[in-house]
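Beneath this line is the structure, given in structure tokens, with notes to follow.
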Amino acid sequence: MKRILAGFATALLLCAQPAAAQSILRDAETESLLADMARPIAVAAGLDPKNFTVVLLNDPSVNAFVAGGQTVYLHSGLIDEADNINEVQGVVAHEVGHIIGGHVALAGRGAGPATSISILSLLLGVAAVAAGAGQAGAGILAAGQQAALGNYLAFSRTQETSADAAGARYLGAAGVNGAGMLSFFKKLQNMEYRLAIPQENSYNRTHPLSGERISALTADLQAQPAWGKPTDPALQERFLRVQAKLRGYVNDPKETLRRYPASDNSIPAHYARAYAYHLTGYPDQAQQETAALVQAKPHDPYFLELQGQILLESGRPADALAPLREATQRTNSQPLIAATFGHALIATEDPAHLAEAEQVLRQAVGRDRANPFAWTQLATIYERKGDQPRVALAMAERASLIGEPQMALASARAAVAGLPEGSSERLRAQDIQMIAQNELDERKPSRRRLSAQ
């Protein structure tokens, strides 16, 4: 996993996402698992897996959502809370139901009638107040607002119920046991109990009560051929690994060490403790945990990635090259792992490694442009070569990804000025320049807004 904060890059890449309040957590092993477990559900729903993505956000709450397009966002807290990969598949199936139902695009249909009711009540209330009936006017306003809210909530609950039913169908068509969907709703129900949420009805809620959802889905899920089908053991093993490394990365290290005590010699426990020790500044203990992982599976690319990452961040970039090179080769140059390998090559300060680092990093961004860390490393290489136009282009790419349009615009202009006419790189710089300028223009308040204020 890789993180890019002040040179501390522990195996999870944390990058800003302008479109969302949370940060995206990127990790090669995690992204591979999420893609593999979601693929049959996407296919069952009629989606092209090439255009469908599951993204992990650094947020401790138990939640998932869609925000348009074909991307499902999962909170890290949901992975932490889940008991098995089947529960996560149930959540993803529900969110795919929202995608297929076009619920994000249809949200305005629920808000529109609610707004109309609210405006009408406001006009009637103001009229009553003007006529001298102050209490009556206040009552009209309150009733109108309540009616508007009730209208919107009813629309939202209908969408959630529809997504539940669709998700159940997709699980069945994909041959995935629906027990995970039910057990996760049971978790949500237990949370409702702990929060003392009334269970009589869901009138004032955006979602049906979890008990209502369980009752509505149980018969259909149990009737599917996949009901009772055991979870793929290999997929579950991968889930427990990812869950452990995520806990080690985002949770309080003390909590992680309590959850995975030294007496636990399982693969997930070594994984979690390696991150916890690394985060708290105990490189020797972190390396011991990683050594145990590599000893158990000497050619596992993700264990080698972590071993190289810890060596790199412990000030031993030359020692990190061998495990990172093998991890890169064994994953067919997976872009996130390759970016770390490129960084290690640069960090050796050996000019002989510069050409290989450039090749590795150019291949990484060629396959995955959404990696600001890789662009920073490429800029470093171009700086050492004295290639200022390409330094500017790499920094423009990075600024665009992390939501800094002013920097993206300035860097893109510098790149356009120095890159060859008609080259693909110059055209790319012009694209970034246009996108950044449009974003900055949208942020400017209009004259009408200024005059209204």
Side-chain angles (χ1 to χ4, degrees), residues 20 34 37-49 51-57 59 61-75 77-79 81-82 85-114 151-189 191-192 201-224 226-227:
L34 295 178
M37 69 93 184
R39 186 177 297 109
I41 298 169
V43 171
L47 297 175
D48 184 346
N51 301 323
F52 174 74
T53 311
V54 181
V55 173
L56 183 64
L57 299 179
D59 191 310
S61 62
V62 180
N63 196 19
F65 64 92
V66 294
Q70 296 184 23
T71 300
V72 171
Y73 294 91
L74 299 180
H75 287 193
L78 188 147
I79 302 295
E81 186 69 24
I85 191 65
N86 193 213
E87 291 187 344
V88 182
Q89 288 177 304
V91 172
V92 169
H94 168 87
E95 298 304 331
V96 169
H98 282 304
I99 293 174
I100 298 300
H103 293 166
V104 173
L106 292 174
R109 294 189 181 182
N151 186 289
Y152 172 74
L153 293 177
F155 182 83
S156 176
R157 289 194 300 274
T158 299
Q159 287 192 328
E160 294 300 327
T161 300
S162 172
D164 285 347
R169 291 197 304 273
Y170 303 147
L171 289 174
V176 177
N177 189 350
M181 176 179 267
L182 294 182
S183 63
F184 202 82
F185 280 143
K186 187 64 178 178
K187 278 187 171 65
L188 297 181
Q189 186 180 45
M191 290 180 187
E192 292 169 0
N201 64 71
S202 55
Y203 178 74
N204 288 320
R205 291 167 52 94
T206 57
H207 291 55
L209 288 166
S210 297
E212 296 172 346
R213 303 170 87 171
I214 293 170
S215 297
L217 291 169
T218 298
D220 289 340
L221 289 170
Q222 289 181 344
Q224 294 175 354
W227 181 261

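Just the heavy atoms: all of them, side chains too, but no hydrogens, waters or symmetry mates, feed the values below. FYI, the numbering just counts along the sequence from 1.
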Would you name the heavy atoms of [X] and [Y] that are closest together and state the gap between them?
X      : Y      : result
Asp164 : Leu217 : O-CD2, 3.7 Å
Ile214 : Phe185 : CG1-CB, 3.7 Å
Ala166 : Gly97  : CB-CA, 3.9 Å
Lys187 : Ala82  : CE-CA, 4.4 Å
Val54  : Ala38  : CG2-CB, 3.8 Å
Ile99  : Gly69  : CG2-O, 3.8 Å

Hey, does [Y] have a side-chain heavy atom less than 4.5 Å from the side chain of [X]?
X     : Y     : result
Phe52 : Val92 : yes
His75 : Phe65 : yes
Tyr73 : Val66 : no
Val55 : Leu74 : no

Query - Val72 vs Thr53, side-chain contact (heavy atoms from CB on, under 4.5 Å): CA-CA, chis, key distance, verdict - result: CA-CA 6 Å; Val72 171; Thr53 311; over 6 Å; no
Report task. For Asn86 and Met181, indicate whether the former's side chain and the latter's backbone hold a donor-acceptor pair under 3.5 Å. Result -> no
**Report entry** Side-chain donor or acceptor of Gln224 paired with backbone N/O of Ala168 under 3.5 Å
**Finding:** yes
Just verifying a value: how many Å separate [X] [atom1] and [Y] [atom2], rounded to the nearest 0.5 Å?
X      : Y      : atom1 : atom2 : result
Asn63  : Leu57  : CG    : CG    : 9.5 Å
Arg213 : Phe184 : CZ    : CZ    : 10.5 Å
Gln222 : Asp220 : CD    : CG    : 10.0 Å
Ile41  : Glu95  : CD1   : CD    : 11.5 Å
Leu171 : His94  : CG    : NE2   : 11.5 Å

Requested in this report: Apply the side chain to side chain contact (heavy atoms under 4.5 Å, CB included) test between Tyr170 and each candidate in Ile100, Val176, Val43, Leu47; give the one that qualifies.
Outcome: Ile100
